[in-house]
Participant: 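Right, I'll just put the structure down here and ask away after.
Since the structure is predicted, the reported quantities are computational estimates derived from the model, not experimental observations.
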Amino acid sequence: MASAIQVRGLRKTYAGKQPVEAVRGLDLDVPTGECFGLLGPNGAGKTTTVEILEGLLPPTAGDVRILGLDWAHDQLALRDRIGVTLQETKFSDKLSVEETLRLFASFHSHARPVEDVLAETGLVEKRKAWVVHLSGGQRQRLAVASAIIGDPDLLFLDEPTTGLDPQSRRQMWAIVRALRARGRTVLLTTHYMDEAEKLCDRIAIVDHGQVIALGSPTELIRSLGCDHVVEFALEGDAPVDERELEELRKLPSVRSVRIEAGAIQLAVAEPHVTIPPLLAHVARGARPLASLTTRQASLEDVFVALTGRHLRDG
C-alpha cells in the first residue's frame, strides 16, 4: 500500500542564542487509508512535526513526501488534496456558516456539496448563523467542516475535539470513521487517550523530537508486559518510602509500581493473583486501606511509562 505520508530524517532547529532542536531525526510512514495518531507531551516536537507535514513550516533537514509529492515543488497540488484543522481556526465573524463553507469549497477542484457537509457535521440548523454567534463547540465543528469540504485525500486533525461536549465528540469520531471508510487517510493529534485508542489504527508516541514508540493501541498496551492496573490508597498523608515500594514490587504478578496523585499503581498481569497477598501486606502495616480499584491497562499507562509524563504535562 502506498504511503500517504513518508518522512525520513526530519529535523527542525529554531535559531537563537541557544538553538532549540525541536525535531531530531524523526522517521514516519503512514499508509493510505490509515487513521494515524501522533501523541506527545507538550514540548515533545509533535506540533512542529505536524506543521511541517502541513506545509506551514520548512524543515531544517530531512525528506518529507505527502501523497507522493513534496512541498517545495507541488504546493498547489497538495493544497487541493489535503484538509487541515488547526488547534485554533479564525473565521470571518460576519460570514454565515454556509457562506464560510462555500468560500472554502471554492479553494478545491473537487469540493463536496455544502449540504452534505452541513449534515455530516451537525450544522444544518446553524447554516444561516453568523460565525460570531456560534458557540465554541460549533466553531470547532465548522473548522472540521471547512477541512473536509474539499473531499481531501489526507486530513490533518490537530486536537479536533478539544472543548466539545461528549455528544459532539462522538459525532466527530463518526466523521473520522466515515473518511476512513471512503479510503481517506487521517493524521490525528489529541489529548484524549480514549479517542486515540478508539480511532487510530496505529499510534506514534513522540518525545524529545523523536518517535519513541510505534504500533497499534493493542500492541502498545501489550508492550507494558501487563494487562491490568491495581490502584490503591492508604489512609493518612504519610508518604510511601522506597522500602515499601520495593516490597510491593515483589508481590506475585506485579510488573511495575508507581505513585500517582497519592495513590499507588501496580501494573499486573493477573489481578486475582496479586490482590490477596496485597491485602495481606496492607493488613500487616500500620495504615489501613482507604480505597482499591482495578482496571484494564490503557494508552495513558503506556504514555507515562515511556515518557514519565502525562499527555497534558509540560
Side-chain angles (χ1 to χ4, degrees), residues 1-14 21-40 44-89 101-113 116-117 143-160 175-190 199-204 206 209-211 214:
M1 187 178 295
S3 292
I5 299 173
Q6 189 175 66
V7 178
R8 294 290 180 270
L10 181 62
R11 294 183 178 274
K12 180 63 179 180
T13 302
Y14 293 99
E21 194 175 17
V23 183
R24 307 174 183 182
L26 184 142
D27 296 331
L28 277 182
D29 271 296
V30 180
T32 299
E34 186 172 76
C35 181
F36 188 85
L38 197 61
L39 308 182
K46 169 180 58 62
T47 299
T48 297
T49 299
V50 172
E51 290 181 348
I52 291 172
L53 301 182
E54 293 169 343
L56 301 178
L57 280 178
T60 302
D63 182 59
V64 177
R65 306 286 295 180
I66 305 296
L67 301 173
L69 307 174
D70 69 84
W71 284 107
H73 303 97
D74 308 297
Q75 186 169 147
L76 290 179
L78 280 170
R79 292 290 177 211
D80 190 38
R81 296 179 60 190
I82 70 169
V84 176
T85 298
L86 304 174
Q87 289 185 21
E88 184 177 0
T89 305
L101 288 182
R102 293 195 183 281
L103 174 63
F104 276 82
S106 70
F107 302 152
H108 299 274
S109 59
H110 299 92
R112 297 176 59 192
D116 292 353
V117 175
V144 173
S146 301
I148 67 174
I149 190 73
D151 199 17
D153 295 315
L154 171 59
L155 179 64
F156 293 94
L157 293 176
D158 198 358
E159 300 182 23
I175 292 171
V176 172
R177 290 176 177 131
L179 284 166
R180 288 187 61 251
R182 298 206 305 270
R184 303 302 194 259
T185 308
V186 179
L187 187 142
L188 172 74
T189 73
T190 180
L199 294 179
C200 296
D201 299 294
R202 290 189 306 142
I203 291 168
V206 178
Q210 295 180 315
V211 174
L214 175 67

Participant: Name all residues meeting the side-chain hydrogen bond (donor to acceptor under 3.5 Å, both in side chains) criterion together with Glu21; count only those two or more places apart in sequence or in a different chain, and write none if there are none.
Facilitator: Arg11
Participant: Show every salt bridge (Lys or Arg N to Asp or Glu O under 4.0 Å) that has at least one partner inside residues 53-62, sequence neighbours left out.
Facilitator: none
Participant: Holding to salt bridge (charged side-chain N to carboxylate O under 4.0 Å, His left out), I want the full list of residues that pass it with Asp29, two or more places apart in sequence or in another chain.
Facilitator: Arg8
Participant: Please table the atom pairs, donor to acceptor, closer than 3.5 Å between any side-chain atom in residues 59-66 and protein atoms at least two apart or in another chain.
Facilitator:
residue : atom : partner : partner atom : Å
Thr60   : OG1  : Thr13   : N            : 2.9
Arg65   : NH1  : Asp70   : OD2          : 3.2
Arg65   : NH2  : Gly68   : O            : 2.5

Participant: Does Asp151 have any salt bridge (charged side-chain N to carboxylate O under 4.0 Å, His left out) partners at least two apart in sequence or in another chain, and if so, which?
Facilitator: Arg182, Arg184
Participant: Where do Ile82 and Leu67 land on the side chain to side chain contact (heavy atoms under 4.5 Å, CB included) test, with the steps shown first?
Facilitator: CA-CA 9 Å; Ile82 70 169; Leu67 301 173; 4.2 Å; yes
Participant: Nearest heavy-atom pair of Val84 and Ala147: which atoms, and what distance?
Facilitator: O-CB, 3.5 Å
Participant: Would you please name every residue forming a side chain to side chain contact (heavy atoms under 4.5 Å, CB included) with Ala145, sequence neighbours left out?
Facilitator: Leu101, Val117, Thr121, Leu123
Participant: Is there side-chain contact between Leu86 and Leu56, with at least one heavy-atom pair below 4.5 Å?
Facilitator: yes
Participant: Among all residues two or more places apart in sequence or in another chain, which pass the side chain to side chain contact (heavy atoms under 4.5 Å, CB included) test with Arg180?
Facilitator: Cys35, Asp201
Participant: Between Val144 and Pro160, what is the shortest heavy-atom contact and its length?
Facilitator: CG2-CB, 4.4 Å
Participant: Please name all residues satisfying ring-ring contact (aromatic ring centres under 6.0 Å, His included) with Tyr14, sequence neighbours left out, ordered by chain then number.
Facilitator: none
Participant: Using side chain to side chain contact (heavy atoms under 4.5 Å, CB included) as the criterion, list what pairs up with Ala204, not counting sequence neighbours.
Facilitator: Leu28, Phe36, Leu38, Val211, Leu214
Participant: To the nearest 0.5 Å, what is the distance between OG1 on Thr85 and CG on Leu157?
Facilitator: 5.0 Å
Participant: Mind listing the closest non-hydrogen atom pair of Val23 and Leu10 along with its distance?
Facilitator: CG1-O, 3.3 Å
Participant: Working to the nearest 0.5 angstrom, can you tell me the gap between Leu69 CG and Leu76 CG?
Facilitator: 11.5 Å
Participant: Holding to salt bridge (charged side-chain N to carboxylate O under 4.0 Å, His left out), I want the full list of residues that pass it with Arg79, two or more places apart in sequence or in another chain.
Facilitator: none
Participant: Looking at every non-hydrogen atom in both residues, tell me the closest pair between Pro152 and Gly83 and how far apart they are.
Facilitator: CB-N, 3.3 Å
Participant: Is there a side-chain contact between Thr185 and Asp153 in this structure, where contact means two heavy atoms from C-beta onward sitting under 4.5 Å apart?
Facilitator: no
Participant: Got a donor-acceptor contact below 3.5 angstrom from the Ser146 side chain to the Phe104 backbone?
Facilitator: no
Participant: Test of understanding: with side chain to side chain contact (heavy atoms under 4.5 Å, CB included), list the residues that count as partners of Leu103, not counting sequence neighbours.
Facilitator: Leu95, Ser106, Phe107
Participant: If you define the side chain from C-beta out and look only at heavy atoms, does anything of Leu179 sit under 4.5 Å from Leu155?
Facilitator: yes
Participant: With the side chain counted from C-beta on, respond yes when Lys12 and Pro58 share a heavy-atom pair under 4.5 Å apart, and no when they do not.
Facilitator: yes
Participant: Residues in side-chain hydrogen bond (donor to acceptor under 3.5 Å, both in side chains) with Thr189, at least two apart?
Facilitator: Asp158
Participant: Looking at every heavy atom in both Trp71 and Leu53, which two are closest together, and how far apart are they?
Facilitator: NE1-O, 2.9 Å
